[in-house]
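Worksheet: one structure, shown below.
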There are 2 protein chains.
Amino acid sequence: MTRVTREDVVQTAGRLFSLYGYHGTSMRDLGRELGLLGSSLYAHVDGKQQLLVEVVERGARFFQTSADAVGTVEGTAAERLRVLIEGHVDVVLEHRDEVRTYLYEATALDDDARQNVLDARNRYEAVFTSVMKEGAADGSLRSDLDPKTATIFTLSILNAIDRWYSESGRMSRKKLVDEIWTFILKGLCPTNPFL
Amino acid sequence: MTRVTREDVVQTAGRLFSLYGYHGTSMRDLGRELGLLGSSLYAHVDGKQQLLVEVVERGARFFQTSADAVGTVEGTAAERLRVLIEGHVDVVLEHRDEVRTYLYEATALDDDARQNVLDARNRYEAVFTSVMKEGAADGSLRSDLDPKTATIFTLSILNAIDRWYSESGRMSRKKLVDEIWTFILKGLCPTNPFL
DNA sequence: CCTACCGATCGGTAGG
DNA sequence: CCTACCGATCGGTAGG
């Protein structure tokens, strides 16, 4: 690495935060990873908390960008849900460090920034919930379950992916999405006409 | 609190670890919470890492005890799965601090203890996977899905409960289990004969 | 369980 | 981006 940029600092911070947590990462750790002293980082950033804010904001932005794109998708609500799920999986697997930090280190944020994260999560969740409601209306999804609860269960599966899935394993990303889709749509029930 | 016991120390450590993380909790924080100095804690425990090990082990033990009980349940695999799910929900909601520390702070454990946690998780997961396989065999669950993947998805939903569910909210614990059960069994698909 | 303390490490700054 | 350093805090110990 010839020259450390601010971008390098933020990215590496994301990696260390996702691996060891915010409180488990020192500015000296971060500097060492980049080949410079901890104190030299302050030429690039204001402080440690700013790094966390920036990494977490990136995580939030990736998800929101994915959700925004679904507004333009034509078709049934079920089709839009499929697109939402694909987008979520892509975000998790392509921005693992930022996503992990966003999901698990937000508690280390100062009050204002933490509230922003909660707001962002609620906005993102609301997109899923809307689609669930639309699905009940257009008949492409069940109408008798609580859309909010269904959203939470769906996101629980999606957010946990980074805790077990490895792209180098025997399950491809497409297969992963298919498995999720089948599980969420059809469930474990055996006497299902779609089998 | 008249007299601080070792049990008080471990329990309070669990609470702080679950709230602020292992690295976000100092021995002085823990002492303050108990009304004594950080250095006084060493009359009760060997060190901070020992506290983490103990809290995490409790989390693992609660889950394993729940899973062990299902071995005695008669009936179909689907019925045993339902019992496993009820047990998991009970453990999460009755031992939130230990469970959160078990799930999210295991990375702060020393190598040996962390390996023990991974082993314990695999043992517990294997109970679910066995039941999924039995369900494929006895016809009470679908036979065309990967039992390992179905286990992961189910546990993803169950483990995320502590991140959103509040016992003081409008959803009772029984209703929660019912919602999970319906979602996992029947999915979001509308044209289902069980509706 | 407190007093008094240890060496190590923390986030961060001044000045170049 | 380094040198040199700051006050604060860390996990932990000796001795009572």
Side-chain angles (χ1 to χ4, degrees), chain A residues 1-57 97 101 104-114, chain B residues 1-57 97 101 104-114:
Chain A
M1 208 175 279
T2 49
R3 184 76 154 72
V4 171
T5 64
R6 197 196 137 89
E7 179 61 23
D8 295 329
V9 176
V10 178
Q11 264 182 36
T12 306
R15 203 177 78 242
L16 298 189
F17 291 164
S18 90
L19 283 172
Y20 312 111
Y22 178 75
H23 294 301
T25 303
S26 72
M27 291 302 270
R28 284 162 178 84
D29 291 335
L30 178 53
R32 194 180 311 116
E33 202 73 10
L34 290 159
L36 40 82
L37 296 175
S39 57
S40 303
L41 295 168
Y42 292 86
H44 294 101
V45 292
D46 286 346
K48 192 184 174 187
Q49 177 75 204
Q50 188 195 45
L51 280 170
L52 179 61
V53 169
E54 212 146 324
V55 173
V56 164
E57 273 176 358
D97 297 334
T101 305
Y104 303 119
E105 295 301 319
T107 50
L109 285 169
D110 294 340
D111 290 347
D112 274 14
R114 197 173 55 247
Chain B
M1 207 175 280
T2 49
R3 183 75 154 72
V4 170
T5 65
R6 198 196 137 89
E7 179 60 24
D8 295 329
V9 176
V10 177
Q11 264 181 36
T12 305
R15 203 177 79 241
L16 297 189
F17 291 164
S18 89
L19 283 173
Y20 311 111
Y22 179 74
H23 294 300
T25 303
S26 72
M27 292 300 271
R28 283 163 179 84
D29 291 335
L30 178 53
R32 195 180 311 118
E33 202 72 8
L34 290 159
L36 40 82
L37 295 175
S39 58
S40 303
L41 295 167
Y42 292 86
H44 294 101
V45 291
D46 287 345
K48 192 185 175 186
Q49 177 74 205
Q50 188 194 44
L51 280 170
L52 179 61
V53 169
E54 212 146 324
V55 173
V56 164
E57 272 175 358
D97 297 334
T101 305
Y104 304 118
E105 296 301 317
T107 50
L109 285 169
D110 294 339
D111 290 347
D112 273 15
R114 197 174 55 248

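Owing to the predicted nature of the structure, the values given are computational and were not obtained by experimental measurement. Computed over heavy atoms, backbone and side chain alike; hydrogens, waters and symmetry mates excluded. In the text below, chain A, chain B and the rest are named by the order of the sequence lines, each starting its count at 1.
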| request: Could you tell me whether a side-chain N or O of Thr25(A) sits under 3.5 Å from a main-chain N or O of Leu16(A), the two making a donor and an acceptor? | output: yes
| query | Separation of Leu37(B) atom CG from dC5(C) atom P, in whole Å? | reply | 15 Å
| query | In Å and rounded to the nearest 0.5 Å, what is the CE to OG distance from Met27(A) to Ser39(A)? | reply | 9.5 Å
| So, Arg28(B) side chain and Gly38(B) main chain: donor-acceptor pair closer than 3.5 Å or not? | no
| remark: Separation of dC1(C) atom P from Leu36(B) atom CG, nearest Å, is 5 Å
| query | Does dA8(C) pair with anything, Watson-Crick or G-U wobble, both distances under 3.5 Å, and if so, with which nucleotide? | reply | dT9(D)
| remark: Scoring nucleotides 7-16 of chain C by protein non-hydrogen atoms under 4.0 Å (B base, S sugar-phosphate only, - none) yields ---BBBB---
| query | For dG15(C), which nucleotide in any strand shown is its Watson-Crick or wobble partner with both distances under 3.5 Å? | reply | dC2(D)
| field | Gln11(B) side-chain N/O to Glu7(B) backbone N/O, donor-acceptor pair under 3.5 Å | value | no
| query | Tell me: CZ of Arg3(A) to C1' of dC2(D), nearest whole Å? | reply | 13 Å
| note | In this structure, CZ of Phe17(B) is separated from CG of Leu30(B) (nearest 0.5 Å) by 6.5 Å
| field | salt_bridge(Glu54(B), Arg6(B)) N-O dist < 4.0 Å | value | yes
